[in-house]
Amino acid sequence: MPILRPPPGPQGRPVIGHLPEINHDPIGFFSDCARQYGDIFRWNFGPFPAYAVNHPSLIETILVTQVHQFAKSSVYRRGLRILGNGLLNSEGTFWQRQRRLVQPAFHRERIASYSTLMIDYTQRLLEQWQDGEVRDVHSEMMNLALAIVAKALLDVDVAEEKESIHAVLDVVIHVNDQLMNQYLIPNWLPTPSNLRYQHAIRQLDSIIYHMIAERRSTHEDRGDLLSLLLQIRDEDGSQMTDQQVRDEAATLLLAGHETTANALTWLWFLLNQHPQVEARLHEELQTVLEGRAPTLQDISRLQYTERVVLEALRLYPPVWGMSRVAIVACELEGYLIPPGSTVFMSQWLMHHDARYFDQPMEFNPDRWKDNFQKRLPPCTYFPFGAGPRICIGKAFAMMEAVLIVATIASQFRLCLSSNEPVVLEPSLTLRPKHGMRMVLKRRHEA
């Protein structure tokens, strides 16, 4: 049997490896390496070798067919320790149990019941918008998505807490920007970033434990996820502790609005850059809606609107990259991946790969016609992940995005307020670094 060799890759610096280059421009680093070294290459995560894969079959191996040989990395969980042992961080049988307990909140019938709420909250936002004013659309989408997920899943109004929740999320995002800190500095060391993170955890704890205490005091079943988490019993008769409920609520509250808000922000940016696409979108909205607000029944007819969402998720995937750690030694494409190695996969790289997407840098919603997505190899397009750990809120997020886009675009055009370049901020998610200031232009129909 031949001895497996490591894949090729760039030479890293002693101790720190490629962390400086990744901190400076992570998308550029991985894109350059993929062009130079191909579908699998070796890089250095600090002093330890790590790997990146850039082919659908390799990604499918890690996320689907050999998923039990890989786990979330300790560095990833450190960066998201604010979420505790919720669905994003947990592993093994505990994760399977929690996923099973949470799943009923995302059954098709339950998701459909959220549609009216999504539209109503979007309409409320538009009532505050004035023709010609400039707003940070990223901030607007963050507030809207947070309000929707909090009401839909937890049946709470977070209008008074939204600034605190977004401050918490900003801390988490910015701490994760610095892999040097994440990797080399232990959590217990009282550095400024660690102290900010600990304060953010206390802030979020205060908000969510208050929700839990208030609901427990009433013993009220409101038919929402929070009620479900507090009341459901597992097969052995056990219930979730307040800590477990807190971790799942925190995960769904933070992750459930950050990604949707970023996707919508980049969608408005793309429509601003492509007036012909915006015109076709508006034409469909006029034809289907005839001046009224959308409903759940309209979604099947809003086909171009859905294609616009799919294409925005391709070009600007809210989660632009993800990683796993090999639990055991494995072989990928004839190369050895030792146990304990980090393996990185990038939605950004795959979604912009010319082998699978014609003119990959072009914003072309029509590429999604005729079931194009089903013709792609598995794990070529995976904005929500793949395999058993695919995002539990995928259907929720897609319905939400289509309804929000239909509601807003039928009443307003959003135009960038200046010619300053929009800067990507690829951290845990893909944000616009300086927000997205846009002019709100009300549509005046004939």
Angle class for the F29/F41 ring planes (parallel below 30°, perpendicular above 60°, tilted otherwise)? perpendicular
For R389, give me all partners under side chain to side chain donor-acceptor pair (under 3.5 Å), at least two apart in sequence or on another chain. E91
A quick test of your reading: do over 12 heavy atoms of other residues, nucleotides or ligands sit less than 6.0 Å from CZ of R108? no
Would you check if the side chain of R77 reaches a backbone N or O of K72 as a donor-acceptor pair within less than 3.5 Å? yes
Side-chain donor-acceptor contacts of residues 320-336 below 3.5 Å, not counting sequence neighbours, with atom names and distances?
residue: W320; atom: NE1; partner: S427; partner atom: O; Å: 2.8
residue: E331; atom: OE2; partner: E333; partner atom: N; Å: 3.3
residue: E331; atom: OE2; partner: G334; partner atom: N; Å: 2.4

Is the F30-W348 ring centre distance short of 6.0 angstrom? no
Answer yes or no: is there an ion pair linking D155 with R222, defined by an N-O contact shorter than 4.0 Å? yes
Using a strict threshold of under 4.0 Å (side-chain N to carboxylate O), is an ion pair present between E284 and R301? no
Under the ring-ring contact (aromatic ring centres under 6.0 Å, His included) criterion, do Y51 and F344 qualify, and how do the steps go? CA-CA 6 Å; Y51 305 86; F344 181 77; over 10 Å; no
Pair Y381 + W368: ring centers closer than 6.0 Å: yes
Is R367 positioned over the aromatic face of F357, cation under 6.0 angstrom from the ring centre and no more than 45 degrees off axis? no
D366 with R307: basic N within carboxylate O range, under 4.0 Å: yes
Cation-aromatic face contact R81/Y197, 6.0 Å, 45 degrees: yes
H138 ring center within less than 6.0 Å of H434 ring center: no
Should the pair D224-K151 be classified as a salt bridge under the 4.0 Å nitrogen-to-oxygen rule? no
Pair D32 + R35, salt bridge at N-O below 4.0 Å: yes
